[in-house]
Peer 1: 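Attaching a single structure in structure tokens format; questions to follow.
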Amino acid sequence: MPIESNIRKLIAKNGLIKIDDLMREALSASPSAYYRNKIPTGESGDFVTAPEISQLFGEVIGLWAIEKWEKLGRPKKISLVELGPGRGYLMRDLLKVAELEPDFFKAAEISLVEINENLIAEQKKNLKNSGKKIQFLDHIFKFKSKSPTVFLANEFFDALPIKQYTKHKELWYEAILIEDPSDGKIKYDKIGVNNKKLAEQFKIDHPEASDGAFLEESLESLETMRFIADFIKKFGGRALIIDYGYYAPPAFRKRSEYISTLQAVKNHSYAPALENIGESDLSAHVDFYSLEKTCRESGVEPEKLTTQRDFLLKYGISLRLESLSKILPKNEAETLSKQAARLISPSGMGTLFKVLSI
Ligand code: SAH
């Protein structure tokens with residue numbers, strides 16, 4: 001377990017590791033990190049994503065993208081940028097639908113933001129017949145264009161590192177991890193918040209938080225959001241961010257909503273977050289209120305946050321299912337219908353996943 005031993009070395013050197021540093025180390029920083037080389041998704045991976053469940057997912061996003069391109073005045077060039085494209089299924093299915101509107105298809109220029117060489121190989125394979133040239137970037141900040149741009153991210157923001165803060169006797173601390181000398185296990189602890197102003201701000205913003213409360217902040221998510229919003233403000237465009245997460249404006253946040261959302265998933269089951277570090281997918285729920293706030297700070301107004309279910313229904317999953325079912329053999333139509341039900345299930349993915357449209 002090279003990643004865990006790296007992390008233990010860092011703890012030995014500094015006495016501790018912060019949660020965002022742990023996530024960065026485990027997920028992306030070193031060549032052996034989880035998202036650098038594992039194929040995380042699919043039946044053989046640790047979790048299955050919506051574009052892998054059904055082609056309908058990317059197809060409906062394609063219908064959404066065509067509508068937005070029309071609203072933008074049918075520009076002759078439009079960039080489509082996907083962050084963390086996984087196996088490339090979403091883009092493949094989107095482009096299939098895009099061919100229904102030849103002017104849109106012709107206008108589209110594709111960029112994929114990915115750090116995983118194995119997934120880049122998969123993306124190349126799955127987009128080989130798309131009829132489009134693809135640009136690959138290892139960071140969104142490297143994206144350069146002056147054309148209106150549609151940014152897409154499904155299950156990307158949850159993989160970005162978070163900081164955690166915790167309240168103890170009326171004071172806020174930063175949560176950290178240490179190695180317990182008694183049993184050698186990696187455990188939670190806390191240190192004073194370096195930035196005194198921030199600690200004061202927490203006190204003002206979160207008076208309802210009780211002892212032991214957790215508060216999370218993903219600086220990388222906010223920087224990414226700011227880049228996207230600034231880009232849209234300057235050159236025009238849209239963004240679609242789909243992920244599991246929460247919406248908690250401080251003034252209305254309930255006591256029960258101050259919890260740690262750091263989680264690990266391995267072989268399609270939840271696993272203890274601090275065991276097998278680097279072997280399982282570590283993620284955190286996405287803080288949609290803070291993403292919206294960052295967007296507004298850049299002068300861009302997001303649409304009202306919605307659920308995956310409502311989004312897919314609004315943009316025509318039922319119609320698409322109906323028209324495909326007419327031309328597919330009965331058993332394939334039934335499979336497609338089951339897949340659609342899974343994507344919009346009111347007790348599962350359909351409501352767990354939220355859609356931020358900008
Ligand atoms: N969107 C895909 C995959 C989701 S998994 C789907 O829905 O199927 C998360 C994706 O983000 C993977 O492609 C992973 O390699 C990529 N990723 C994770 N951290 C990243 C980072 N820091 N920069 C770029 N891509 C990253």
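For ligands, and for the atoms within them, numbers begin at 1 and follow the listed sequence. Computed from a predicted structure; not experimentally measured.
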Peer 1: With heavy atoms of G86 as the reference, note each atom of ligand 1 found under 4.0 Å away.
Peer 2: 2 (C), 3 (C), 13 (O)
Peer 1: Quick check: does N154 get an N/O under 3.5 Å from an N/O on ligand 1?
Peer 2: yes
Peer 1: Determine whether the aromatic ring centres of F202 and Y165 lie less than 6.0 Å apart.
Peer 2: yes
Peer 1: In terms of atom number and element, which parts of ligand 1 are under 4.0 angstrom from non-hydrogen atoms of L119?
Peer 2: 12 (C), 13 (O), 15 (O)
Peer 1: Flag E114 as yes when one of its N or O atoms lies below 3.5 Å from any N or O atom of ligand 1, and as no otherwise.
Peer 2: yes
Peer 1: Applying ring pair (Phe, Tyr, Trp, His ring centres under 6.0 Å) between H285 and each of Y244, F353, F214, report the one that passes.
Peer 2: Y244
Peer 1: How long is the gap from OG on S325 to CZ on R320, to the nearest 0.5 Å?
Peer 2: 10.5 Å
Peer 1: Against heavy atoms of E155, which atoms of ligand 1 measure under 4.0 Å?
Peer 2: 4 (C), 5 (S), 9 (C)
Peer 1: Who passes side-chain contact (heavy atoms from CB on, under 4.5 Å) against A239, sequence neighbours left out?
Peer 2: F151, I228, I232, I358
Peer 1: Looking at atom 14 (C) of ligand 1, what's its closest protein heavy atom, distance included?
Peer 2: Y35 CD2, 3.3 Å
Peer 1: Ring centres of F57 and Y89 under 6.0 Å apart?
Peer 2: no
Peer 1: Which residue and atom name correspond to the protein heavy atom nearest atom 11 (O) of ligand 1, and how close is it?
Peer 2: G84 CA, 3.2 Å
Peer 1: Give the residue, atom name and distance (to 0.1 Å) of the protein heavy atom nearest atom 21 (C) of ligand 1.
Peer 2: I115 CD1, 3.7 Å
Peer 1: Can you tell whether the side chains of D205 and R253 come within less than 4.0 Å, N to carboxylate O?
Peer 2: no
Peer 1: Are any of the side-chain nitrogens in E174 or K163 under 4.0 Å away from the carboxylate oxygens of its partner?
Peer 2: yes
Peer 1: Evaluating non-hydrogen atoms only, which member of F156, F157, Y89, F47 is closest to atom 25 (N) of ligand 1?
Peer 2: F156
Peer 1: Check if P40 has a non-hydrogen atom at a distance under 4.0 Å from any atom of ligand 1.
Peer 2: no
Peer 1: With sequence neighbours left out, which residue pairs that include part of residues 253-272 fulfil the ring-ring contact (aromatic ring centres under 6.0 Å, His included) condition?
Peer 2: H206-Y258
Peer 1: Name the option, out of T49, I53, L152, T41, that contains the heavy atom nearest to atom 6 (C) of ligand 1.
Peer 2: T49
